Student: 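A single structure is presented below for examination.
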Amino acid sequence: MWESPKVLLNAIIGHFPIRIEGAYILNAPFIFRGMFSMIQMMMPQKLRKRFHFVSSIDEVYKVIAKDLLLEEHGGKRVHESSEWVASQMQRESNGTVCSLKECYDG
C-alpha cells in the first residue's frame, strides 16, 4: 500500500533519468496554480524553484531563445506527435521500454 504521496513523488522524481533545468508555465488558469502549489509542497526545494508561472510569452523569450520554441510560440521548432507515438509503440512491441508499473513491480 502507498505510504504517502510525498514519499511516492520523491521516489519518482529521484529516479527519472531527466534533468529539469526550468519549466515556464504560460497563462495557467487560477485553479491550476492552486493545485500546482499543493503539488509543489511535496517537491524537493531544488525542483520547486525551477517552475515559473508567466503571463506573457515575452517573459519566456528572456530565458529561452526563440529558435528553440515551437512555432505556435514564435519559434522555429515543429512538433509532430504522431512520429513520437509510432516510435514508442515500436519500442513497446520490441520490449525496449516498460511502464512505470512494470518497473516498480519488477
Side-chain angles (χ1 to χ4, degrees):
M1 204 60 159
W2 304 106
E3 291 183 23
S4 77
K6 187 172 184 174
V7 170
L8 177 61
L9 185 64
N10 286 334
I12 291 172
I13 290 171
H15 293 92
F16 273 133
I18 60 172
R19 184 179 187 286
I20 298 173
E21 191 171 320
Y24 293 83
I25 304 166
L26 178 63
N27 295 326
F30 180 76
I31 188 77
F32 177 81
R33 285 178 178 232
M35 289 175 19
F36 193 77
S37 67
M38 290 188 298
I39 293 168
Q40 275 186 308
M41 289 188 298
M42 294 183 278
M43 292 180 181
Q45 181 68 21
K46 186 176 179 181
L47 182 60
R48 201 176 317 158
K49 290 180 178 181
R50 295 178 181 176
F51 287 91
H52 310 278
F53 287 92
V54 295
S55 57
S56 164
I57 192 68
D58 292 325
E59 293 177 65
V60 176
Y61 295 156
K62 291 176 185 176
V63 291
I64 301 174
K66 278 179 113 174
D67 290 352
L68 299 176
L69 297 173
L70 294 171
E71 287 180 326
E72 64 201 60
H73 298 297
K76 294 183 180 178
R77 286 192 159 215
V78 176
H79 176 70
E80 181 53 55
S81 62
S82 61
E83 291 176 18
W84 181 85
V85 169
S87 71
Q88 297 308 304
M89 290 175 70
Q90 179 63 36
R91 290 180 67 198
E92 286 180 7
S93 68
N94 66 21
T96 59
V97 69
C98 65
S99 72
L100 281 178
K101 183 179 182 339
E102 291 168 345
C103 294
Y104 178 76
D105 291 342

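These numbers come from a predicted model, not from an experiment.
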Student: Please list all pairs passing the salt bridge (Lys or Arg N to Asp or Glu O under 4.0 Å) test where one or both residues lie in residues 28-48, with sequence neighbours left out.
Tutor: none
Student: Please report the interatomic distance CD(Gln45) to CD(Gln40), rounded to the nearest 0.5 Å.
Tutor: 9.5 Å
Student: Please enumerate all residues that pass side chain to side chain contact (heavy atoms under 4.5 Å, CB included) together with Leu26, with sequence neighbours excluded.
Tutor: Val54, Ile57, His73
Student: When rounded to the nearest 0.5 angstrom, what distance separates CG in Asn94 from CE in Met89?
Tutor: 12.5 Å
Student: My understanding is that only residues two or more places apart in sequence, or in another chain, count here; which of them pass side chain to side chain contact (heavy atoms under 4.5 Å, CB included) with Glu83?
Tutor: Glu80
Student: Would you find more than 12 non-hydrogen atoms of other residues, nucleotides or ligands less than 6.0 Å from Leu68 atom CG?
Tutor: yes
Student: Is there a path of hydrophobic side-chain contacts, each under 4.5 Å between heavy atoms, that joins Ile39 and Ile25?
Tutor: yes
Student: Sorted by first residue and then second, give each salt bridge (Lys or Arg N to Asp or Glu O under 4.0 Å) pair with at least one member in residues 61-75; sequence neighbours left out.
Tutor: Asp67-Lys76
Student: Suppose we screen for ring-ring contact (aromatic ring centres under 6.0 Å, His included). Which residues come up paired with Phe36, at least two apart in sequence or across chains?
Tutor: Phe32, Phe51, Phe53
Student: Distance check, rounded to the nearest 0.5 Å: Arg91 atom CZ versus Gln88 atom CD?
Tutor: 5.0 Å
Student: Side chain to side chain donor-acceptor pair (under 3.5 Å): which pairs involve residues 50-59, sequence neighbours left out?
Tutor: Ser55-Glu59
